[in-house]
Amino acid sequence: MTIKEMQEVLDARFLYGEELADLDAQYVFSADMMSDVLAFCGKCSVLITGLCNPQVVRTAEMLDICCIIFVRGKLPDENMLALARGKSIAVLATSHYMFTTCGILYENGLRGGA
Amino acid sequence: MGEPLIYTYDIDGEDFTRAGEASSSVKNRLKMLGVDSAAIRKTAIAMYEGEINMVIHADGGTITVIISDDAITMVLADRGPGIPDIEKAMQEGYSTARPEVRSLGFGAGMGLPNMKRFTDEMKIDTVIGQGTTITMKVYLHSDGL
């Protein structure tokens, strides 16, 4: 599933990275604890989170994640978006809750992959 | 590669938003050196957890990274309070972090276990009231550089 397709099914907004929209992902991880993401993200290349601080982007960077999806209407500030731009990490924001976000992506064929 | 490359970073204990800059810099350097991507990932995760720990628990410190032909060695030295019970601190889920640290996405008792999980060697030297030095090593295959 491409980032563009994820954006569409989640009614999400691109906050950064429309030029990365064609990147393809198969595995997704979701958590608000970044230590859990670091421990268990495995081969996932998309991160779903409701946490909103610069360490989310740093964590994604360490794991070579290509897209962060912020749920529950959380909006990263300009500092976070600048960090994401610098690392070419796409950023989406959806108003869906985390459970719903995960469910929609699962229905569309994405899986968790440790 | 010959002589080991040595990089030193001062970690600011005051600013949580900047935590991770040193790990990011090391990750970039390793990429430029053409180090094997699995070793880069292990190093980045372990060092990042260590860097976050230094900010959360120890008011900063110094990280020295030594890149040689056979390993990446990270030495994280702080002047924090020390670790009273290392065995407990190594248990997943055990944490002494303040509640506000948890609201930032850390302090769930995964830091030290993650550092061990993603490195090939880890040694903790700690003195109560004086500080902690953690030495971690990630092995490189002979064709890693």
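Letters A, B, ... mirror the listed sequences (proteins, then strands); counts begin at 1.
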### Query
Under a 4.5 Å side-chain heavy-atom rule over Ile, Leu, Val, Met, Phe, Trp and Tyr, are A:Met1 and A:Tyr27 clustered together?
no
### Task
Tell me whether B:Val26 is reachable from B:Met122 by hopping between hydrophobic residues (I, L, V, M, F, W, Y) whose side-chain heavy atoms are closer than 4.5 Å.
yes
#### Entry: Main-chain N/O of A:Leu63 paired with B:Arg41 side-chain donor or acceptor, under 3.5 Å
yes
### Message
In this structure, would A:Leu75 and A:Val91 fall into the same cluster of hydrophobic residues linked by side-chain contacts under 4.5 Å?
### Response
yes
### Task
Can you see which heavy atom on A:Ala39 is nearest to which on B:Arg117, and at what distance?
CB-NH1, 3.3 Å
## Note on the structure
Residue from B:Ala108, B:Gly107, B:Ser24, B:Ser23 scoring the most non-hydrogen pairs under 4.5 Å with chain A is B:Ser24
### Message
Assigning hydrophobic clusters by single linkage (Ile, Leu, Val, Met, Phe, Trp, Tyr; side-chain heavy-atom cutoff under 4.5 Å), is A:Met33 placed with B:Tyr48?
### Response
no
### Message
Return the CZ to CG distance between B:Phe106 and A:Asn53, rounded to the nearest 0.5 Å.
### Response
7.5 Å
### Under 3.5 Å: donor-acceptor pair, side chain of A:Asp32, backbone of B:Gly105
no
## Note on the structure
Greatest number of non-hydrogen atom pairs under 4.5 angstrom with chain B, of A:Met80, A:Arg58, A:Lys87, falls to A:Arg58
### Task
Locate the shortest heavy-atom distance separating A:Ser35 from B:Glu49; write the atom from each residue and the value.
OG-OE2, 3.2 Å
### Task
Spell out, yes or no, whether B:Val65 and B:Leu33 are grouped together once hydrophobic residues are joined by side-chain heavy atoms under 4.5 Å, including indirect joins.
yes
### Query
Tell me, side chain or backbone of B:Lys42 under 4.5 Å from chain A's heavy atoms, or both, or neither?
neither
### Message
Around atom OH of A:Tyr97, are there more than 12 heavy atoms from other residues, nucleotides or ligands closer than 6.0 Å?
### Response
no
### Query
So which part of B:Ser103 gets closer than 4.5 Å to some heavy atom of chain A, the side chain, the backbone, both or neither?
backbone
### Query
Quick one: of B:Pro113, B:Ser37, B:Gly20, B:Gly111, who has the most non-hydrogen atom pairs under 4.5 Å with chain A?
B:Gly20
### Task
Check whether A:Leu38 gets within reach of chain B through its side chain, its backbone, both or neither, counting any heavy atom under 4.5 Å.
both
### Task
With rounding to the nearest 0.5 Å, note down the distance linking CG in A:Asp64 to CD1 in B:Ile40.
8.0 Å
### Task
Report yes or no: does A:Glu61 contribute a side-chain atom to a donor-acceptor pair with the main-chain N or O of B:Lys27 at less than 3.5 Å?
no
### Message
I need the minimum non-hydrogen distance between B:Thr17 and A:Gln55, along with the two atoms involved.
### Response
O-NE2, 3.7 Å
### Task
Return yes when atom CD of B:Glu87 has more than 12 non-hydrogen atoms of other residues, nucleotides or ligands closer than 6.0 Å, and no otherwise.
no
### Query
Is the number of heavy atoms from other residues, nucleotides or ligands under 6.0 Å of A:Arg85 CZ greater than 12?
yes
### Task
Verify the neighbour count for atom NZ of A:Lys74: are there more than 12 heavy atoms of other residues, nucleotides or ligands below 6.0 Å?
yes
### Message
Counting only non-hydrogen atoms closer than 4.5 Å, does B:Phe16 touch chain A with its backbone (N, CA, C, O), its side chain (CB onward), both, or neither?
### Response
both
### Query
Where on A:Thr59 is there a heavy atom nearer than 4.5 Å to chain B: the side chain, the backbone, both, or neither?
both
### Task
Count the heavy atoms belonging to other residues, nucleotides or ligands that lie under 6.0 Å from CZ of B:Arg79, then report whether that count exceeds 12.
no
